[in-house]
Amino acid sequence: MKNSGLLFWRRYLHRPLGVGAVAPSGASLAKAMVQTLAPGAGDVIVEIGPGTGPFTRALLASGVAPAKLILVEFDPEFVRHLRRKFPGVTVLQGDAQELPRLLKEQGHGKVPRILSGLPLRSMPEAVRTGISRAMATSLSDDGMLVQFSYFLAPPLAEAEVAACGLKARRARAVMANIPPAFVWRYSRNA
Ligand SMILES: C[S@@+](CC[C@H](N)C(=O)[O-])C[C@H]1O[C@@H](n2cnc3c(N)ncnc32)[C@H](O)[C@@H]1O
């Protein structure tokens with residue numbers, strides 16, 4: 001955890017806008033994200049922007065099999081760290097805007113569960129729109145996407161969400177996180 005914190009800080013100094021936070025998410029937010037996602041046994045789960053892996057750790061601790069987990073991370077140092085720390089988990093280095101292609105290369109189409117730790121509301125609008133579209137179009141019909149945000153407004157771009165027939169619901173508030181965060185869920189039946 002100490003090493004993860006240092007690595008996170010170092011990568012924040014290197015690429016502040018892309019990392020988008022000064023510290024990894026806390027255990028209470030990680031637990032709330034995983035409880036909201038509530039994956040079924042055997043569901044393929046895609047985690048976007050894992051950083052040093054607080055949500056990955058919580059997913060595995062909840063019983064998710066490493067072979068069912070695909071991480072998509074932009075930063076090569078985080079990717080190396082994740083591969084060392086989570087053997088058996090598929091760690092892809094890439095841009096979330098390319099999610100449909102990245103999944104296709106792994107032999108997957110649409111997936112039932114996506115969990116995102118991206119700082120969407122702090123990203124340029126065109127990037128937020130591109131990532132929202134890529135995640136929404138990668139979700140299967142009965143799928144669910146979970147995303148946290150430090151802001152009250154819904155994190156994904158609304159037009160992209162509506163175009164895929166998804167509805168947004170603010171599922172939880174985690175006041176114990178620093179800063180406090182909201183957990184949003186997107187699905188076709190909210
Ligand atoms: C705010 S950090 C959150 C890390 C972790 N999920 C947590 O909650 O502590 C955002 C992470 O998303 C990654 N990231 C940013 N833009 C990305 C993109 N376009 N595609 C994939 N990962 C990205 C960053 O490198 C960083 O690891």
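Basis for what follows: all heavy atoms, side chains included, without hydrogens, waters or symmetry-related copies. Note that ligands are numbered from 1 as they come in the structure, with each ligand's atoms numbered from 1 the same way. Quick note: residue numbers are just sequence positions, from 1.
Taking CD of E73 as the start and CG of D95 as the end, the distance is 10.5 Å to the nearest 0.5 Å. Atoms CG and NE2, on L7 and H81 in that order, are 5.5 Å from each other to the nearest 0.5 Å.
For atom 24 (C) of ligand 1, the choice among E73, Q93, E98 with the nearest heavy atom turns out to be E73.
In summary, the atoms of ligand 1 found under 4.0 Å from a heavy atom of P24, numbered by their order in the structure, are 9 (O).
When each of T56, V91, L118 is tested with P50 by the rule side-chain contact (heavy atoms from CB on, under 4.5 Å), just one qualifies, namely T56. Residue Y186 is tested with C164, P155, S132 for a side-chain contact (heavy atoms from CB on, under 4.5 Å); the sole match is P155.
Heavy atoms of P50 found under 4.0 angstrom from ligand 1 belong exclusively to the backbone. Contact annotation for S25 and ligand 1: heavy atoms of both the backbone and the side chain come within less than 4.0 Å of the ligand. Contact annotation for M123 and ligand 1: only side-chain heavy atoms (C-beta onward) come within less than 4.0 Å of the ligand.
The N/O atoms of F78, backbone and side chain alike, include none that comes under 3.5 Å of an N/O atom in ligand 1. Checked by distance only, ligand 1 and E47 stay at 3.5 Å or farther apart across all their nitrogen or oxygen atoms. At a 3.5 angstrom cut-off on N or O pairs, D75 does not count as close to ligand 1. For ligand 1, the polar-atom distance check finds an N/O of F74 within less than 3.5 Å of one of the ligand's N/O atoms.
Given atom 19 (N) of ligand 1, the protein heavy atom at minimum distance is D95 OD1, 2.9 Å. Annotation: atom 3 (C) of ligand 1 to nearest protein heavy atom, G117 O, 3.2 Å. Taking atom 17 (C) of ligand 1 as the reference point, the nearest protein heavy-atom neighbour is L118 CD2, 3.6 Å. Closest to atom 2 (S) of ligand 1 among all protein heavy atoms lies V19 O, 3.0 Å. The protein heavy atom nearest to atom 11 (C) of ligand 1 is G49 O, 3.5 Å. When only non-hydrogen protein atoms are considered, atom 15 (C) of ligand 1 lies nearest to G18 O, 3.0 Å.
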Candidate pair M135 and L139, rule side chain to side chain contact (heavy atoms under 4.5 Å, CB included), full reasoning: CA-CA 7 Å; M135 294 200 297; L139 203 59; over 6 Å; no

